[in-house]
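Here is the structure we will look at.
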Amino acid sequence: MNIEQALHSAFEESTRYHTFEKLSEILSSELIEQGFQQAGVATVRKRRLPLEAVLWSVIGMALFRKESVWNIANKLDIMLPGKNQLVAPSAMVQARQRLGDEPVKQVFNKAADNMYHNEEFETWAGLNLLAVDGVVWRTADSDENREAFSSASNQYGDTSFPQIRMVCHMELTSHQLISSEFDSYKTNEMKLAERLIERTPNHSLTMFDKGYYSLGLLNRWHSTGEERHWLIPARPDLQYEVVSKVGKNDLIIELKTTKHAQKNFPDVPEVIKARLVSKIIKGKNYRILTSMVDRLHFPCSEIVDLYSHRWEIELGYREIKQTMLDSTYHLRSKRPDMVRQELWGSSSHTI
């Protein structure tokens, strides 16, 4: 290693420790305790490795990819005092299994909610700008992971490592994760997106990729809370009735829901009112469908351009995979419950 590489490595390591210290300011002991209680787990503080310390080690796995989890615990000095200065690898493995994945998930949810409601973000027309999209994580190739998460396949069978499909809700100006859901690779992203509805913030605008077009999903997204709007590219074959228009680029329309949508979403009405705006950019006509039907409050001229910010979630995912995972291809845990725990720990780093 030359001097330039050594200096870069030292700078990178110090940056990670600084990030860890900043994160510790957000994840207070009280907040962690609340997450544990929500998961029905009690912390035994007299243990050499109390669960709170194990949680920090799991989060540290996302920051120190080249370090083993037991070495992270030793480096961060987060154990209770004892005769032995170092924790044994086997003790760390047992401690992670004792913690499980549900407490880490609950701590992430509480921390993300707390962070979102205590930060001031840039807004548009009084709405926080959010996006939903999916990402795939590759896990270690073990029989247990393959059975739990499955993988891509063709007529000849499985074609890759076991993978997890994840759908996240991200604040676009900060790349902060608000919530996330994940399941096996073959789980439909639309089903995962439905699980995000309950935790969607009020007074927000969520941008979707065109693949998420479902009137049942979009209607429930908008109607569940207060001012929870959505924005999505209009399909080329979109069928609608015009209710009113201001020129040819700003239409209030009615969309008829299908029997299939009504079966999957019993709360969806037969007709949904929406707004269809369009704009020609470099000779191409872009059409955007949205729940923001109030023309005075939400100017037509800005709506199409607004959708370009959806790509921020792609940049956010790139930051997670390149920075947190050091561009490695897979999560390191070999058991499904530990994979889920590791992924929730990685998510906690993005709040």
Side-chain angles (χ1 to χ4, degrees), residues 16-17 19-29 31-36 38-39 41 43 49-76 78-79 87 89 91-115 135-140 145 148-149 163-170 175-183 316-317 319-326 328-351:
R16 290 175 189 270
Y17 276 106
T19 302
F20 198 89
E21 291 174 359
K22 293 283 289 183
L23 187 60
S24 67
E25 297 174 5
I26 300 170
L27 288 175
S28 65
S29 295
L31 190 147
I32 292 173
E33 187 67 33
Q34 291 173 15
F36 284 177
Q38 185 73 28
V41 172
T43 299
L49 270 171
L51 291 185
E52 184 173 334
V54 181
L55 172 74
W56 280 113
S57 298
V58 171
I59 294 174
M61 290 172 66
L63 287 169
F64 307 100
R65 290 292 300 174
K66 297 176 183 178
E67 301 282 354
S68 65
V69 65
W70 66 270
N71 199 34
I72 292 169
N74 289 321
K75 275 192 170 185
L76 297 176
I78 53 180
M79 296 172 293
V87 61
M92 196 66 233
V93 172
Q94 293 170 9
R96 283 190 64 196
Q97 294 173 358
R98 190 171 73 249
L99 175 64
D101 60 281
E102 184 64 22
V104 188
K105 173 183 178 179
Q106 294 302 330
V107 169
F108 162 73
N109 285 338
K110 287 191 173 294
D113 186 70
N114 183 67
M115 189 69 175
V135 63
V136 172
W137 302 87
R138 201 167 79 173
T139 76
N145 284 345
F149 304 125
Q163 296 179 85
I164 294 178
R165 190 174 300 282
M166 186 180 199
V167 172
C168 297
H169 207 178
M170 183 179 288
H175 295 174
Q176 176 194 325
L177 283 190
I178 296 172
S179 59
S180 61
E181 291 289 341
F182 55 83
D183 214 318
Y317 283 150
E319 289 171 1
I320 295 172
K321 289 197 170 185
Q322 289 186 354
T323 304
M324 286 174 46
L325 298 186
D326 282 337
T328 56
Y329 289 106
H330 58 263
L331 302 168
R332 61 172 96 175
S333 301
K334 295 179 174 60
R335 285 179 28 167
D337 54 340
M338 297 296 96
V339 169
R340 288 188 285 265
Q341 182 192 78
E342 181 183 349
L343 196 46
W344 284 121
S346 298
S347 299
S348 297
H349 173 251
T350 62
I351 57 178

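The first residue of the sequence shown is numbered 1, and numbering continues consecutively from there.
Close placement of the Phe182 and Trp344 rings is indicated, their centers lying within 6.0 Å of each other.
Of all heavy-atom pairs between Leu177 and Met170, the closest is CD2-CE, 3.7 Å. Taking every heavy atom of both residues into account, Val54 and Ala95 meet most closely at CG2-CB, 3.5 Å.
Qualifying side-chain hydrogen bond (donor to acceptor under 3.5 Å, both in side chains) partners for Ser180, counting only residues two or more places apart in sequence or in other chains: none. Remark: Phe149 pairs with no residue by the ring pair (Phe, Tyr, Trp, His ring centres under 6.0 Å) rule, at least two apart or across chains. Under the rule for a side-chain hydrogen bond (donor to acceptor under 3.5 Å, both in side chains), Arg340 has no partner lying at least two apart in sequence or in another chain. The salt bridge (charged side-chain N to carboxylate O under 4.0 Å, His left out) check on Asp113 picks up nothing, with sequence neighbours excluded. Every residue two or more places apart in sequence or in another chain that forms a side-chain contact (heavy atoms from CB on, under 4.5 Å) with Val136 is listed here: Gln163, Arg165, Tyr185.
How far OG of Ser57 is from CD of Glu52: 11.0 Å, rounded to the nearest 0.5 Å. We find the CH2-CG distance between Trp56 and Leu51 to be 14.5 Å, quoted to the nearest 0.5 Å. Residue Thr139 holds its OG1 atom at 14.0 Å from CZ of Arg335, rounded to the nearest 0.5 Å. The CD atom of Gln97 sits 10.5 Å away from the CE atom of Met92 when rounded to the nearest 0.5 Å. Atom CD of Gln341 is separated from atom CD1 of Ile59 by 10.0 Å, given to the nearest 0.5 angstrom. Going from atom OG of Ser28 over to atom CD of Gln34 covers 7.0 Å, rounded to the nearest 0.5 Å.
Side-chain contact between Val167 and Glu181: absent, with no pair of heavy atoms (C-beta onward) separated by less than 4.5 Å. At a threshold of 4.5 Å between non-hydrogen side-chain atoms, the residues Arg96 and Met61 count as touching.
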Let me have the donor-acceptor pairs involving side chains of residues 99-112, under 3.5 Å, with sequence neighbours excluded, atom names and distances please.
{"unit_1": "Glu102", "atom_1": "OE2", "unit_2": "Gln106", "atom_2": "NE2", "d": "2.7"}
{"unit_1": "Asn109", "atom_1": "OD1", "unit_2": "Arg199", "atom_2": "NH1", "d": "3.4"}

